[in-house]
Every structure is written in C-alpha cells, then in structure tokens.
Amino acid sequence: MSDWPFYALLGVGTGALYAAFAMSVIITYRGSGVVNFAVGAMAMIPAMVFAELRASGDLVIPIVGLPNRFRLGDPMSFVPAAALGMAVGLIVAAVIYVVVIRSLRSAPPVTMLVATVGLTLVLQALATRGFGNVTLRVSSILPDDVISLGGRPFPVDRLWLLVAVCVLALGVGVVERFTRFGLATRAAFLNEKGAILLGLNPTRIGLTNWLFAAALAGSVGIVGSSLGGVSPFTFSLFVVPALGAALAARLQSISVAVGAAVAIGSFEAIAVHIVAQQQVPRFFLGGISALVPFVVIVGALILVGKRLPNRAAILERAQVPVVLARADARVWALTLAIALIVVVSGDPTVRFAALQTMFVATLLMSIGVLTGLIGQVSLAQLALAGFSAFMLSRFDGPLGFPLAPMAAVAVTIVVGTLVSIPALRVRGVQFAIVTFSLAVVFDELLFRSPTFVGRGGIAQVDAPSIGGFEFGIFDGEQFPARVFGVVMLVVTALCAAVVQGVRRGPLGRRFLAVRSNERAAASAGIDVAQTKVLAAAIASLLAGVAGLMFAYKAMTFNGGGLSAQDGLLVLALGYVGGVGSIAGAVVGGILAPSGLFIVVILGGGSSPDQFLITGIALVLVAMKFPQGIAGSWQMLRSRIESQRQRDGSDPPGHETREAPVVMVETARTVEPGTRSGTSGVSESSGATGWRP
Amino acid sequence: MALLEARGLSVNYGGLYANRDIDLDCHTGKLVGLIGPNGAGKTTFIDAITGFTPVSEGKVTFDGVDLAGLSPDKRAKIGLTRTFQSLELFEDLTVRDNLMAGAERAQWHSIITDVLMPGRNERQYREQVDWALDIMRLTDRADTLPSDLSHGQRKLISVARALAAKPKLVLLDEPAAGLDTAESQLLGAHLREFLDHDMSLFLIDHDMGLVLNVCDYIYVLDFGEIIAEGTPAEVRADPAVISAYLGESAGESQASSGATFGGQQQTGDIAGAIDDIIHDVSEETR
Ligand SMILES: Nc1ncnc2c1ncn2[C@@H]1O[C@H](COP(=O)(O)OP(=O)(O)OP(=O)(O)O)[C@@H](O)[C@H]1O
Ligand SMILES: [Mg+2]
C-alpha cells in the first residue's frame with residue numbers, strides 16, 4: 001500500500017504521453033470538429049523516422065511506389081534527427097489535412113471517425129512497409145539519471161517529460177485564451193458561418209490547428225519514444241487513454257485533460273504493480289491496466305452524458321446515410337446459390353476463404369444493427385465474438401454440442417447487453433470510444449488471461465456433432481469439410497433473415513427513428529433507452545453466433561485476430577461494404593483479409609498491403625460514398641429506376657410514385673425564421689449554430 | 001376536472017425563470033392557445049409538460065395522472081403528444097414511416113412479434129396513419145422522404161405525426177410558423193376538425209390571426225408569467241396584453257435588453273402585425 005505513491009510517480013511518464021495526445025485531440029476537435037482517432041498513428045510517424053535516423057542513419061519516408069529509404073550516413077545525433085522526423089511528420093499531417101480532413105468538415109461526426117480509423121490503418125501499414133514490424137529503441141534524450149526514492153531506483157526522465165508536457169499545456173492555454181488566433185478558432189468552432197462573415201477562413205484555421213496538434217503529439221512522441229521504444233502499433237493504442245482523458249475534459253478543457261491523462265498513467269502503473277505483486281487473483285494476470293482508461297471513460301461519460309440530448313445541442317445528430325432496400329427474393333436466391341457453389345467448390349483454399357467471408361459477414365451484420373439501424377458505431381463487436389468463442393470452449397466439455405454454443409451465445413447476449421447500459425448516455429463518436437476501450441479490456445484482460453482462455457493460453461473446441469453425425473471443419477478426409485461450409489452457410493442465412501426481419505418491421509422503424517432523432521423518438525412514445533438496449537442485445541446475438549463460427553472454424557485458438565486493432569479493421573470492412581444493409585455485410589465479408597476477394601481475385605497478398613488497401617478504401621468511402629459499396633450500388637439502381645419511370649409511359653396525373661428505396665444523407669434542417677422573426681435563443685438558431 | 005392541469009408550474013434555468021408559477025387548464029374537446037412574445041417561455045412550457053425539461057416547482061396532472069417523474073415516452077403513451085418548433089422529423093424515414101413510428105405503441109412482448117410477424121402489429125396502426133395522412137392532405141406524399149418536401153409540408157408532417165397516435169391532447173409549437181397565409185388558414189381549418197375526433201389541442205403560435213380565430217380560450221405569457229387569459233375577445237381587449245405587445249413597457253425593456261435577447265427586437269414588428277390582424281379579424285367577424 002505504502003509503495004503506491006512511488007508507482008504512481010513511475011506512471012506519470014506514460015501519463016504525460018497520454019496528456020500530449022489528449023491535448024492534440026482537443027486542439028484538432030476545436031479546429032476542425034474532427035475527433036482524431038489517428039492521433040497516435042500520426043505521432044508514430046515522426047517518432048519512427050526519428051528513431052530510425054538515430055539507430056541506422058537511414059531516412060525512411062512512409063510512401064509506397066517510390067524509393068522510400070535513403071542512406072544519410074552514420075546514425076544521426078538528436079537535433080537533426082528530431083528536426084527531420086518532425087518535418088516528415090508535419091508533411092504527412094498537411095497532406096492528410098488537405099486530402100481528407102478538409103472535405104470532412106461538414107460530414108457527420110461518425111464519418112469523420114471512420115475516416116480517421118482508415119487513416120490509422122493506412123499510416124500503420126505504411127510504417128510497417130517502410131520500417132518493418134519492429135520496435136525501435138532509442139536511448140533517452142532526457143536527463144536519464146536514476147535517483148533513489150524511498151530506497152527504490154527511480155528514473156527521472158519521466159518527470160522531465162511531465163514537465164515538458166505541462167509547459168506545452170500552459171503554452172496552449174495561453175495561445176487559446178489570449179491570442180487573436182485562439183479567439184478565431186473558438187469563433188469558427190462555435191459558428192462557422194458567422195466566422196466566415198467576419199472574414200475568418202475556417203479552412204486555414206483548421207489547418208493551422210491541425211498542424212499544431214500534429215507537431216505537439218509528434219514532438220512528445222519523439223521525446224517519449226525512449227520510454228518504451230516505438231513500433232508501428234504502439235502509439236495507436238495510446239489513443240484509448242488519450243481519448244478517455246479528452247472525453248473527461250469534454251473535449252474542451254486542456255488542464256482537465258492533462259490531469260486526467262496523468263492520472264490514468266499513474267493508475268495504470270499502480271495496476272501493473274499490483275499484478276506483479278500477485279495481490280490479485282490469477283485471473284487478472286492479463287492486463288488489468290487496460291481497465292483504468294475504460295473506467296475513466298465510462299465514469300466521465302456518466303457524469304457528462306445526457307439520456308436525451310437537449311434542444312440547444314444538436315450535437316451529432318447527422319448520421320451516415322442508410323440504404324433501406326426492400327428484400328428481393330431473387331437476389332437472395334441468387335446469392336445463396338452462388339454461395340453454395342463456392343462453399344462446396346473443389347478448391348480447398350476457396351472453401352476456406354468462403355468460411356472466413358461468412359464469419360466476417362455475420363460479424364458485420366452485428367455491426368450493421370448497431371451502426372446502421374441505431375446509429376451507434378461499435379468497435380467492440382469482434383471482442384464480443386471472441387468472448388463467445390472462448391465461452392464456447394469453456395462450455396464445450398461439460399455441455400456438449402447443441403447446448404454449449406447456445407449457452408455461449410446466451411452469455412454473450414447478457415454481457416453485450418449489460419455493457420451497453422452505461423453507454424446509453426453516449427452517442428456517436430463517444431460511443432465508438434467507449435466500445436474501443438471495451439475491446440481493449442476484453443483483449444488484454446480476458447483473452448490473455450490464462451484462467452479465462454484455458455490451459456497454456458489456448459482454447460479448444462470439439463467438432464460439433466449430433467447423434468453421431470459429425471460436421472466439424474475437418475471430417476478426416478477433406479479440410480475444410482464441405483458439410484461444415486454448408487452448415488455455416490445455413491447459419492449465416494438465418495442471421496441475415498433475422499436482420500431482415502428486424503429491418504423491415506416496426507422494430508427497425510423504431511431503431512431508425514431513434515437513430516434519426518432521439519428527442520422526436522421520445523415524443524413519439526418510443527423508449528429510447530430500451531430501444532438501444534434491445535439493439536445491443538440483437539447485435540450481441542449476432543456477434544455471439546459469429547464467435548461460434550470463429551471457434552468451430554479454428555478448433556484451437558488464442559486471442560490472435562480478436563484484438564481491438566482487428567476490431568478497427570472489421571468496422572472498416574463494414575463501412576466499405578456498406579453499413580446498415582445485409583448486402584453491405586456480405587460485400588464486407590468478401591473483402592475481408594483471407595476472404596474470397598483477396599484469396600480468389602488477388603491470390604493472397606501480404607498483410608500490410610491488405611491493411612493499406614483497406615485503409616485507403618475506408619478513407620475514400622468516408623469521403624465519397626458514405627453509404628458504402630452496396631449502398632452506392634442500390635442508390636444508383638433506384639436512381640436509374642426512378643429515371644426510367646419518369647421517362648416511361650406513366651399516364652399523366654398518375655400520382656403514385658415508386659417509394660424511394662434509398663435514404664440520402666440527412667439534411668440538417670435549418671428552420672427559416674418564424675414569421676415574426678426568429679429569436680436569438682430559439683431552437684432554430686441552435687441548429688444554425690452548429691457547423692453548417 | 002380538466003384534462004391537463006398545471007398548477008404553480010415553474011421552470012428555472014440556472015437562476016432565470018423561463019416559466020414562473022403558471023396555472024393553466026386544457027379541457028377535453030377544446031382548443032387552448034398560448035401566445036407571447038419571443039423568449040416568453042412558451043416552448044419551455046411545452047417542454048416541461050412533455051417531460052423534456054425538468055419542472056422546478058409546481059404540479060402537472062394529465063387525465064388524473066400526476067406527471068411527475070414520467071419520462072417523455074411514457075407521457076406520449078398515455079396520450080400526450082407534441083410537435084417541435086424545429087420540426088425534428090425522422091429524416092431517415094419516409095413520411096408514412098414517420099407517422100407509423102408516431103402511432104405505434106410498443107408493448108414489452110412486441111419485441112418478439114416484431115421480429116417473427118412484422119405485419120401483425122402494423123395492421124392496427126395503418127388505419128390511424130392513413131387517417132392522419134388524409135386529414136393533412138399528405139397521402140400522395142406518403143412514400144417520399146421528408147427532406148424532399150417543402151417547408152410547409154414538413155410542418156404538416158410534424159403535426160400529422162403527433163396526431164397519428166390519436167392522443168388525447170396534442171401540444172403544437174408554432175405549427176404555422178413559416179407557412180404562407182393560405183397554408184396557415186388551411187391549417188386552422190384542420191385544427192378544428194381534430195376536435196371532432198376526440199382530441200384536444202394546445203396551440204402556440206405567433207400568427208395572431210390563426211390563434212384569435214381558432215382558439216376557444218387563450219393564455220398570454222410574458223417573461224415567463226401568465227399576464228392574461230380568457231376568450232379571444234377578452235384577450236384582445238385586455239390592457240395587459242396590449243401593453244405587452246404594443247405598450248411602452250415593452251419598448252423600454254426592449255431598449256434595455258434588446259442587445260442580449262435578440263428576439264425582443266422584433267417586438268415592434270409584432271406590434272404592427274397584431275394591429276393589422278386585429279383589424280382584419282374584427283372586420284371578418286362583422
Ligand atoms: N435549455 C435552456 N437553458 C437555459 N435557458 C433556456 C433554455 N431553453 C430556453 N431558455 C431560455 O428560456 C427563455 C424562454 O425560452 P423559450 O424558448 O421557451 O421561449 P419561446 O416563448 O418559445 O420563444 P419563441 O417564440 O422564440 O419560440 C429564453 O430566455 C431562453 O433563453
Ligand atoms: Mg418557442
């Protein structure tokens with residue numbers, strides 16, 4: 001107990017890194033309204049460039065298609081290496097702003113989130129390609145003396161880092177409060193139109209803030225890289241505590257964010273210490289420290305969040321468009337027929353790719369219910385699927401085939417529903433952040449806990465069988481067995497049928513009503529909280545089933561492929577395919593890594609390239625086709641249809657119009673002034689006040 | 001006993017009383033109006049009645065039920081629906097589905113039936129929706145998205161959505177704002193129609209012609225307090241009302257607070273408008 005303060009102090013170094021990222025998030029948000037999920041990945045680039053220059057003297061530039069490694073001679077000293085690293089980092093940031101962020105200013109927040117998730121994938125893939133999947137270690141550039149603190153050795157570099165970050169925070173505060181630029185930023189954030197009328201240029205303000213934020217995160221990344229080394233993936237996970245701290249500060253107060261971030265770092269260090277001391281049950285030997293940011297995030301949101309948004313705040317009302325197509329029996333039949341042919345095809349690699357595609361498609365249907373129908377971007381569905389898979393392996397021994405999977409899915413539904421309850425108060429981007437931190441908790445706390453996973457950290461399931469009829473993935477002759485594929489196809493189709501049933505009925509209407517406008521939904525007698533929980537339960541059911549597929553497909557597995565990082569990729573696939581439609585889920589499944597498209601069309605392909613392509617596709621989709629591939633196709637089709645109808649021989653005066661099967665981007669309604677003039681405080685002015 | 005009874009209702013926004021000590025009744029089958037200058041607290045009153053904003057003091061009963069602690073959706077379920085000044089339509093749903101979402105009343109077991117037999121629950125509400133579409137002349141727009149319609153039609157949708165559930169009382173927040181005179185008159189004619197369908201209405205509007213014409217009883221709100229009430233004729237003659245809209249006290253307070261309360265600057269316009277309208281109306285009644 002008495003050594004807690006010591007460990008708390010040890011943790012301030014990491015906490016300072018989180019603080020820098022949290023500040024960066026807040027500055028970006030103020031400057032362009034984007035919650036930047038890619039903040040860690042963007043800081044990773046200058047840190048990696050710097051570390052490589054220090055280690056080998058090579059300048060590596062994160063691009064593809066051109067030479068990207070230049071020998072500059074011997075390992076460089078600190079100052080030129082840091083300067084070069086920052087230069088590369090800022091150029092990358094500027095390119096990102098001009099190409100992606102600028103055009104997203106008026107996009108729904110969720111689209112911005114998806115775009116920055118795409119950016120994360122792209123940057124990680126570029127770094128992996130350029131530097132290799134390595135951890136570069138550099139010697140500390142801060143004073144690295146070790147002093148004795150209460151008899152224990154304490155490296156002082158982390159205190160220096162904390163001091164540096166606090167000085168930066170002070171500087172940010174001063175700029176914000178006392179300069180014209182800070183004022184202009186606030187003005188443009190609060191009322192973009194008004195700012196333009198005053199002669200301000202929101203795009204330039206956004207760019208300046210963006211570069212400033214990137215420089216801040218990048219420089220602290222460079223300096224902090226000595227604490228534990230940098231790899232293409234390290235900083236990306238720092239996003240969770242950083243976003244947690246930023247959320248605790250309501251994306252507003254720099255000082256609260258820094259305080260929260262440092263506290264998170266300290267508590268994590270204490271948590272690690274407790275685990276190392278074995279003061280906790282063996283179960284938690286996974287990563288108890290992952291719990292800290294999660295608790296902070298949930299706590300902050302419970303304090304900050306509102307059950308129903310009030311009338312001044314129309315925050316996050318705009319949604320990604322959803323495509324609502326009527327079920328077409330012919331399309332279903334054709335798809336199932338083709339799927340059947342693929343599933344029983346003679347080529348085992350194709351059969352295996354089909355299994356992967358069906359697993360991902362089912363998972364994407366789960367995301368589709370939450371994101372497409374209720375408007376909550378969940379990054380935890382893969383984690384729930386993993387939970388279900390591990391539960392299956394636990395129940396498999398005692399319960400046997402039909403009961404064990406049922407029990408696993410049931411438990412998954414309960415867990416998925418329970419964790420959705422604290423999230424009732426949050427929406428949009430905040431929900432995404434909560435679920436991402438939840439995915440990290442699942443991954444680090446459960447999937448790596450030997451007690452949870454099973455002996456040796458490996459879980460096992462037996463081949464399913466009923467009455468002596470086995471239909472596992474390996475039937476003794478073929479791998480994968482055709483029967484297994486057919487069973488999976490049937491299950492996938494059943495899931496699709498459930499989703500379709502939800503979508504076209506009153507339940508789907510209620511979901512979409514809540515998604516469109518929670519206040520209006522409540523006024524229409526819809527219990528918003530209950531509806532959201534229900535959606536979470538249905539999504540958990542589908543994720544649970546996907547988890548069964550994962551388990552039976554692998555037979556033996558560990559947490560590999562179930563991390564929060566993989567969850568980002570799954571969401572990406574969902575968006576690229578088209579969130580909110582079954583066709584979109586199928587398309588996403590086909591495009592999945594090791595799925596049909598990659599295996600059959602591209603003939604394999606290396607992993608960083610897949611991530612690169614997926615990331616770029618994600619950014620493109622977010623910018624140009626927010627309704628995804630399937631959605632864009634349906635939209636096009638309905639446009640052609642209605643065009644044909646207009647040109648066709650409709651008798652004049654014939655009034656019935658074909659129902660539009662497509663939902664276009666929801667217009668943010670700006671109410672024209674009331675007849676006698678709109679008051680400055682009426683709801684309509686609230687609507688115009690939001691970024692137009 | 002009145003259908004809706006507000007007694008001593010106050011709403012306090014951080015020290016500022018947006019509503020103070022309001023006593024107000026809505027009787028079954030009657031159309032009650034609430035008028036007042038911009039920022040008087042009219043929308044706040046509807047928010048308080050429907051559970052969108054917490055009541056600081058006072059008591060509201062609806063149909064004999066004390067509303068304290070009931071969530072907005074529960075209030076809608078017992079027959080108290082509203083429209084929003086800023087419409088708040090479901091932009092992702094077609095006009096018909098907007099109304100269906102307003103009409104349906106989910107029970108705990110409808111979760112199961114909704115998934116297994118989606119058509120079953122819909123049938124009973126379809127008629128109600130068709131009726132509301134018909135009464136607002138929206139039938140031929142039923143399958144379009146709200147965003148494809150004109151502002152006037154969007155207003156009608158928001159009213160139709162509140163009606164589709166066949167509630168006991170509908171609270172309308174400026175349904176005629178932004179409509180042209182013809183549309184506004186049409187709306188006024190519709191409003192009286194609803195009363196024949198066992199519905200009572202509560203109407204907020206700045207369109208004096210509309211309010212004075214269609215309401216049975218009118219309350220006048222200024223700076224959060226009821227300053228007058230009575231039949232249209234009584235209200236029109238009430239000196240407090242005239243001074244609230246036309247009088248010097250309003251002019252003075254405008255001068256002192258006009259900069260902060262943008263709405264108050266419009267008082268002059270309202271005065272002009274009310275003058276014209278009172279003139280029109282009195283000519284019409286003759
Ligand atoms: N959520 C809130 N927090 C603080 N003050 C509020 C809030 N909502 C409204 N107010 C204040 O309460 C007062 C009454 O506002 P309200 O919108 O009810 O007026 P109104 O009569 O509906 O005006 P209008 O005719 O412009 O619609 C205004 O001064 C407004 O600034
Ligand atoms: Mg109002």
Side-chain angles (χ1 to χ4, degrees), chain A residues 307-308 310-311 314 319 321-322 324 498 501-502 504-510 512-513 515-517 519-531 534 538 655-660 662-669 671-687, chain B residues 38-39 43 47 50-53 71-74 76-77 81-82 84-94 97-98 100-102 104-106 110-111 114-116 118-119 121-122 140 143-145 147-148 151 154 161-162 165 174 176-178 206-207 261-266 269-270 273:
Chain A
R307 285 220 158 200
L308 280 180
N310 67 16
R311 75 168 127 138
I314 66 153
Q319 286 283 355
V322 144
L324 273 196
V498 168
V502 170
R504 66 159 200 233
L507 200 53
R509 188 156 44 229
R510 280 207 289 287
L512 280 175
R515 180 191 123 117
S516 289
N517 191 324
R519 271 159 58 78
S523 84
I526 296 170
D527 187 332
V528 174
Q530 193 196 60
T531 308
L534 195 58
I538 295 175
E655 289 199 22
T656 46
R657 276 222 281 144
E658 176 76 355
V662 166
M663 313 258 115
V664 283
E665 185 154 356
T666 63
R668 266 164 293 181
T669 330
E671 176 116 321
T674 53
R675 185 179 274 198
S676 47
T678 312
S679 86
V681 293
S682 74
E683 295 163 318
S684 40
S685 60
Chain B
N38 285 125
T43 301
D47 281 349
T50 48
F52 282 87
T53 207
S71 61
D73 54 286
K74 296 261 163 44
K77 280 189 186 132
T81 63
R82 68 172 292 182
F84 293 90
Q85 193 168 353
S86 49
L87 299 186
E88 318 256 346
L89 301 177
F90 301 129
E91 304 288 346
D92 291 341
L93 298 178
T94 60
D97 280 343
N98 260 275
M100 284 297 280
E104 275 158 1
R105 291 289 174 255
S110 41
I111 297 163
D114 280 354
V115 176
L116 298 182
N121 293 336
E122 286 187 353
D140 55 335
D143 294 318
T144 35
L145 286 175
S147 51
D148 294 342
H151 178 69
R154 291 169 57 85
R161 186 178 66 193
E174 305 200 10
H206 281 297
D207 186 337
F261 292 85
Q264 293 287 351
Q265 291 164 351
Q266 307 294 335
D269 297 354
I270 298 177

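Atoms considered below: every heavy atom in the structure, side chains included; atoms not considered: hydrogens, waters and symmetry mates. Note that the structure is predicted; figures quoted are calculated from it, not measured. Just so we're on the same page: letters track the sequence lines, and every chain starts at 1.
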Looking at every non-hydrogen atom in both residues, tell me the closest pair between [X] and [Y] and how far apart they are.
X      : Y      : result
A:I526 : B:D73  : O-CB, 3.3 Å
A:A522 : B:F52  : CB-CZ, 4.1 Å
A:S523 : B:F84  : OG-CE1, 3.4 Å
B:R105 : A:A524 : NH1-O, 2.8 Å
A:S516 : B:E91  : OG-N, 3.7 Å
A:A520 : B:F90  : CB-CE2, 3.6 Å

Pairwise distance CG(B:N98) to CZ(A:R509) - rounded to 0.5 angstrom = 10.0 Å
Spatial distance of atom CZ (A:R519) from atom CG (B:D47) [nearest 0.5 Å] = 6.0 Å
Checking heavy atoms, do the side chain of B:A165, its backbone, both or neither come under 4.5 Å from chain A?
-> neither
